Each structure stands twice: as C-alpha cells, then as structure tokens.
**Student:** 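So that we are looking at the same thing, I have put the structure below in structure tokens.
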Amino acid sequence: MSEVLQRISSGRVVVSSRSVNALAKLSALVLREWIKRGASPVVVDNSGVLARYLPLDVLGSVEFSTNLEEACAGGKHVLVYGFAGLRLLERCAAKNIVVFTAPRSYYPKGYLVVYFSRVSSTLSEYVFKIPQEGLSIRVRLGEELRVVEKPPGTYGRAYEVLKSAMSDYGELTVKDAVRLISLELGVDKQRARNILVWLTRRKYFKVARGRLSLA
C-alpha cells in the first residue's frame, strides 16, 4: 500500500480536489482498503455519485446511508462523499472517517486536510499535498495509486540535479537553475530553459518572484 493511500485511509481526513473523477477513484481505493482489513464501511453520499461509479466488488461490501449522524454513531469506518454538516463531522465517533469534497474555505476541526490537484498536462498524474506536514508527493491515479518518483529521461536527470542543489542551498534563482541544468547535462541554455519550463508546467517545481522551489 502506498504512503498516500495509508495516510488517507486512517484517522480523520478530508480529501479536497476539484476533480470529481479523482474523488470517485480515491473513494473506491479507500473503501477497498478498508474491506481488505475486514471492515464494513458505511458510505454517506446524498448525491448518489458513488452508487453509480463504485466497482461492483466494492458496492457489494459497503452500506449506504443518508444520515451522517447515524453513520458516525454506528460505523467504525465512514466515508462521506460531498460535504455534510461541519459540526456533525467534528462530533463523529467513527474510528476512521474520510470526507471527499471540493475545495472549501473552512474544514472541520481535528481533521487532516489533504489536497489532490491534477497535473495540467496529464490525465492520470496528481500532486498530493498535506500543508500541515509540508508533504508533497506526486502520484499516478488509476486502478491503483502509484507514487511517481521522478520524470523520465533527461527531465529526470535535470530534476535530480535541481533537487540536490536545493537540499544543499535552498531555493534557487531561475538563472542559477538554468545554469545548473546546462552545466550538468551538457546542453545549451535555451535547451536548459525548455527543460525547466517542462518541469514547472508539470508541477515538479514552482517559480515565485524569480526563485525556484519544490512544488
């Protein structure tokens, strides 16, 4: 089981994403993981989305409820799709409760907030972030959740060069990043700039005020 799935399937967690597809897939993975542990999950989804999209093997092993308070009182593993009642979520007595929702300005107290954002140029890669812990992991979401260690080929080499320099010196200026890529990979500066643009567009790094940092 990946570190990401382990983090979002234990305790009190809110998973926030603008992608309905990602939330539905993640819901299925969390439910399947609970079922493997011998749990009998309760799903609260008044929108009916999960009833339409969950795999048959998962559907046959979960209980659906329209009452969050009852689900929290009676179930040890509760999954909430959408967002229903901040106060009820804060009082929920379930051992494990995971809430899947679109981004909000406020989340229930006592919950770990996890953000999933899709990498703009891909269909299956997402960035998994826990701001409270300073954690950012790139994953590929499909039938399973796989951690993506680094980009392929030349881009992967450039990624390692920049990441290593940042571990030693902290944030880099864009100019220094281009120079490093050019020197370490033996490419001209225009090619180095193109590599850096590729890495930032795919959220391996971010640029703010002319300085480069990990996304």
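Remember, it's a predicted structure, so these values are computed and weren't measured experimentally.
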**Student:** According to side chain to side chain contact (heavy atoms under 4.5 Å, CB included), who are the partners of Asn194, at least two apart in sequence or on a separate chain?
**Tutor:** Gln190
**Student:** Given the rule in the side-chain contact (heavy atoms from CB on, under 4.5 Å) test, do Met166 and Phe205 qualify, once you have shown the distances and angles that lead to the verdict?
**Tutor:** CA-CA 11 Å; Met166 288 171 147; Phe205 299 101; 3.7 Å; yes
**Student:** Could you tell me whether the side chain of Tyr81 and the main chain of Gly48 form a donor-acceptor pair under 3.5 Å?
**Tutor:** no
**Student:** Tell me the disulfide (SG to SG under 2.5 Å) pairs involving residues 13-78, sequence neighbours left out?
**Tutor:** Cys72-Cys92
**Student:** Once side chain to side chain contact (heavy atoms under 4.5 Å, CB included) is applied, do any residues pair with Glu160, and if so which ones, sequence neighbours excluded?
**Tutor:** Lys150
**Student:** Can you get from Val147 to Leu26 by hopping between Ile, Leu, Val, Met, Phe, Trp and Tyr side chains that sit under 4.5 Å apart?
**Tutor:** yes
**Student:** Answer yes or no: does atom CD of Glu143 have more than 12 heavy-atom neighbours from other residues, nucleotides or ligands under 6.0 Å?
**Tutor:** no
**Student:** Only counting residues at least two apart or in another chain, list the ones meeting side chain to side chain contact (heavy atoms under 4.5 Å, CB included) with Ser19.
**Tutor:** Ser17, Asn21, Ala22, Tyr126
**Student:** Identify, with sequence neighbours excluded, every residue that meets salt bridge (charged side-chain N to carboxylate O under 4.0 Å, His left out) alongside Arg104.
**Tutor:** none
**Student:** If the condition is salt bridge (charged side-chain N to carboxylate O under 4.0 Å, His left out), which residues does Arg12 pass it with, not counting sequence neighbours?
**Tutor:** none
**Student:** Which residues pass the side-chain hydrogen bond (donor to acceptor under 3.5 Å, both in side chains) test with Thr154, sequence neighbours left out?
**Tutor:** none
**Student:** Quick one: sort the Trp198 and Tyr155 rings into parallel, tilted or perpendicular, breaks at 30° and 60°.
**Tutor:** parallel
**Student:** Could you see if Val161 belongs to whatever hydrophobic cluster contains Tyr169? Use Ile, Leu, Val, Met, Phe, Trp, Tyr and a side-chain cutoff under 4.5 Å.
**Tutor:** no
**Student:** What are the two closest non-hydrogen atoms of Ser47 and Arg52, and how far apart are they?
**Tutor:** O-NH1, 4.0 Å
**Student:** Give the cluster check for Val20 versus Val98: same hydrophobic cluster or not, with ILVMFWY residues linked at side-chain heavy-atom distances below 4.5 Å.
**Tutor:** yes
**Student:** For Arg193, give me all partners under salt bridge (charged side-chain N to carboxylate O under 4.0 Å, His left out), at least two apart in sequence or on another chain.
**Tutor:** none
**Student:** Dump the intermediate steps for side-chain contact (heavy atoms from CB on, under 4.5 Å) on Leu196 and Leu212, then the final yes or no.
**Tutor:** CA-CA 10 Å; Leu196 183 58; Leu212 192 74; 3.9 Å; yes
**Student:** Identify, with sequence neighbours excluded, every residue that meets side-chain hydrogen bond (donor to acceptor under 3.5 Å, both in side chains) alongside Ser16.
**Tutor:** Tyr107
**Student:** Applying side-chain contact (heavy atoms from CB on, under 4.5 Å) to Asp57 and Arg32, what does each step give before you reach the verdict?
**Tutor:** CA-CA 9 Å; Asp57 65 305; Arg32 189 173 278 135; 3.0 Å; yes
**Student:** Check whether any side-chain N or O of Ser182 sits under 3.5 Å from a backbone N or O of Val187 as a donor-acceptor pair, and report yes or no.
**Tutor:** yes
**Student:** Residues in side-chain hydrogen bond (donor to acceptor under 3.5 Å, both in side chains) with Arg146, at least two apart?
**Tutor:** Glu144
**Student:** Test your reading of the model: is there a side-chain donor-acceptor pair from Asn96 to the backbone of His77, 3.5 Å cut-off?
**Tutor:** no
**Student:** Determine, step by step, whether Phe116 and Val127 satisfy the side-chain contact (heavy atoms from CB on, under 4.5 Å) criterion, reporting the C-alpha distance in whole Å, the side-chain angles of both residues, the deciding distance to 0.1 Å, and the verdict.
**Tutor:** CA-CA 6 Å; Phe116 257 81; Val127 176; over 6 Å; no
**Student:** Any Lys/Arg nitrogen of Asp176 or Arg179 sitting under 4.0 Å from an Asp/Glu carboxylate oxygen of the other?
**Tutor:** yes
**Student:** Residues two or more places apart in sequence or in another chain: which of them pass salt bridge (charged side-chain N to carboxylate O under 4.0 Å, His left out) with Arg140?
**Tutor:** Glu125
**Student:** When you group the ILVMFWY residues by side-chain heavy-atom contacts below 4.5 Å and let the links chain together, are Leu185 and Leu172 in the same group?
**Tutor:** yes
**Student:** Would you say Glu171 has more than 12 foreign heavy atoms packed within less than 6.0 Å of its CD?
**Tutor:** yes
**Student:** Who are the side chain to side chain contact (heavy atoms under 4.5 Å, CB included) partners of Val197, not counting sequence neighbours?
**Tutor:** Arg201
